[in-house]
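Following: one structure in structure tokens, then a few remarks.
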Amino acid sequence: MHDLVIANARLVDGLGTPARDGSLAVKDGRIAAVSDDRGGADLGGARARVDAQGLVLAPGIVDLHTHYDAQLTWDPYATPSTALGVTTVVIGNCGFTIAPCRPAHRDLVVRNLTHVEGMSLEAMRAGIRWDFESYPEYLDSLERRGLVPNVASFVGHSSVRTYVLGEDASRRTATDAEIAEMRRIVLDALRAGAIGFATSTLEQHNGENGIPMPSRLADGREMAALTGALGEAGRGVFMLTKGMTSTVPWLESIAAANRRPVMIAAMFVDPGDPTRVFRELSEIEAARARGRELWAQVGCFPLGMEFTLRHPYPLEAFLAWRPAIVAEGEARYRAVLADPSFRAGLKAEIGQPGVPNRFSDKNWDHLTIAEVTRREHRDLEGRTIGALARERGQHPWDTFLDFGLDGELDAMFDCRLFNIDENEVRRLLLRHPHAAIALSDAGAHLSFLCDAGFGLHLFGHWARERGDLTLEQAVRAVTSVVADAYRIEGRGRLRAGAWADLLLFDPKTVGRGGKRRVSDLPTGASRLDTPAVGLHGVWVNGVRTVDEGGRLEECGRPGRLLRDFAP
């Protein structure tokens, strides 16, 4: 007797083979059988049966790039990912984690995350349940509480560095003894079940008061030692969010030294340097030809976010913006924004070529005033800063900053930064054999963006509406391809013996809905949300967690903390 049979489905197996009609049986959390009989009569009896009514049944989406490390301590659902078809999330990306963490460093870690990942300080202070110190204790804590999706976790560089160096982690290079201690912690984490080691060298990754996140202070000795732990353990992925000084050849040398996969984020079509990602993908292809497993982590959205001038995350990559970051109090901040020399520095820097993944002078026509705070400015809603600057005969920096100083520091801007030209995204990224589609950033930048529905967007926009991918290709890209890249066994495919992570949707309507703001974080803090469209069911390890009405509150905790990975 099976636990579940889903009959009369259109099966898209996650492996790229043509869709076919059929049925599927589940027992003990795994797929027991897949049948070409639409009615599923040949599968035998089941405790529960679902008539899919011709809808697509596919593997659940695997999201490689999330930041639920803190949120999972109070929210086992990983909201909103579960309700958007995601059945497995990978946390700890960029090395921004909350374990290991000494009690004395808890508030420092949280304040840094508040800044670098756009999270509510009050929500994290109220919500995080600190019943762990070491990284293995953190994994045990998650497992003990229970999870709705499956979760795999990176051990994060910035947390390891803070644990060993304390407040010096963002101030100096490490000694040989400190490096040895960090390597020991990374090895222990890998042996306890970490999926790999994650770090960041990205220049805009700053913590509180504009201080660099700890990983950015690591020198070559430290990077070699900590990535070397992957080679010593013989397991794990090296994930890097890359800054200007981190080159693909350097990353190839790490892959060669350790014989482990290297995942490089974030690969965008950048209006400020449109040929850079082509060059880097060519370098990845050459490395692959030499037997080094490098991956380009790409996104299927135009990367954009909402922000205010009071909290202008996209601007903090500018070196000339630093006086605004360190300004104490609103009066001083306003004085900096009005300072002609400050503005001159911004105007000079924005014109400098060759700075990757930074707001550029090509973005002004994609920077829209979404919501004003003063009634007399209502006519400006929906206008772009680029258009207003041309009308006024000003440099866009002056138009932008003058508008903010005119009582609009809290006005909401909507900015599209990268991947704006969809034809280039299709040609370069979505069908590249060494690309991993991810970059949702789910769990981070909650006030600014919500790209957790990237998989549904891929199915609806890129496959159905644009036809750039077949549905079979789109499903494969966010299921088996990414699961295999990270050595996550038995997931991302409809095959007998695989785990029953399942997704039921209407291919005629599937997608993500419009943006909305909800207030469901601890202390009532708000976040952006995008609801699912055309989603009829999600199962994690055979347990239904979502139906046509959305998330099922009484689904239990069917997710697993993933600790064992393929070599």
Exercise for the section: Could you give me the CA-CA distance, side-chain angles and deciding distance for R30 and D3, then say whether salt bridge (charged side-chain N to carboxylate O under 4.0 Å, His left out) is met? Expected result: CA-CA 10 Å; R30 293 184 182 266; D3 298 322; over 6 Å; no
With the side chain counted from C-beta on, respond yes when [X] and [Y] share a heavy-atom pair under 4.5 Å apart, and no when they do not.
X    : Y    : value
L458 : I437 : yes
T73  : I98  : yes
E143 : R563 : yes
D451 : L439 : no
H457 : C300 : yes
I195 : L562 : no
R431 : Q473 : yes
V478 : F454 : yes

Expected output: side-chain [X] to main-chain [Y] donor-acceptor under 3.5 Å:
X    : Y    : result
N419 : F301 : yes
E293 : A255 : no
R476 : V481 : no
D414 : A370 : no
R560 : N150 : no

How long is the gap from [atom1] on [X] to [atom2] on [Y], to the nearest 0.5 Å?
X    : Y    : atom1 : atom2 : result
K515 : C450 : NZ    : SG    : 10.0 Å
T241 : F96  : OG1   : CZ    : 7.0 Å
F238 : T199 : CZ    : OG1   : 6.0 Å
H311 : M412 : NE2   : CE    : 9.5 Å
L64  : N93  : CG    : CG    : 8.0 Å
R288 : L281 : CZ    : CG    : 11.5 Å

Handout entry: Candidate list D501, V12, L502, T479, test side chain to side chain contact (heavy atoms under 4.5 Å, CB included), partner L494, passing option
Key =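 Testing L494 for a side chain to side chain contact (heavy atoms under 4.5 Å, CB included) against D501, V12, L502, T479 leaves exactly one candidate, L502.
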Exercise for the section: Give the intermediate values and the outcome of side chain to side chain contact (heavy atoms under 4.5 Å, CB included) for residues L503 and T87. Expected result: CA-CA 9 Å; L503 180 61; T87 55; over 6 Å; no
Problem - Over 12 non-hydrogen atoms of neighbours within 6.0 angstrom of CD in E371 - result: no
Determine the minimum heavy-atom distance between [X] and [Y], stating which atoms define it.
X    : Y    : answer
M124 : V110 : CE-O, 3.4 Å
N8   : A52  : O-CB, 3.4 Å
C415 : L367 : CB-CD1, 3.5 Å
S526 : R517 : OG-NH1, 3.5 Å
A123 : L521 : CB-CB, 4.3 Å
A566 : R260 : O-NH2, 4.4 Å

Handout entry: Carboxylate-amine/guanidinium contact D484 R493, below 4.0 Å
Key = yes
Practice task
Output yes when D21 and R10 qualify as a salt bridge under the 4.0 Å nitrogen-oxygen rule, no when they do not.
Solution key: yes
Exercise for the section: Mind checking side chain to side chain contact (heavy atoms under 4.5 Å, CB included) for S23 and listing every partner two or more places apart, or none if nothing turns up? Expected result: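 S23 satisfies side chain to side chain contact (heavy atoms under 4.5 Å, CB included) with A7, L43 only.
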Testing the 3.5 Å rule here: is there a donor-acceptor pair between the side chains of [X] and [Y]?
X    : Y    : value
Y135 : S159 : no
Y138 : T97  : no
T79  : R527 : no
Q297 : W295 : no
D410 : T373 : no

All salt bridge (charged side-chain N to carboxylate O under 4.0 Å, His left out) counterparts of [X], not counting sequence neighbours:
X    : value
E122 : none
K362 : none
D13  : R495

Fill in the blank from the handout: residues 476-513 vs ring pair (Phe, Tyr, Trp, His ring centres under 6.0 Å), sequence neighbours excluded, gives F154-Y486, F459-F505
Handout entry: Qualifying ring pair (Phe, Tyr, Trp, His ring centres under 6.0 Å) pairs with a residue from residues 535-567, counting only residues at least two apart or across chains
Key =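 Listed once each, the pairs would be none.
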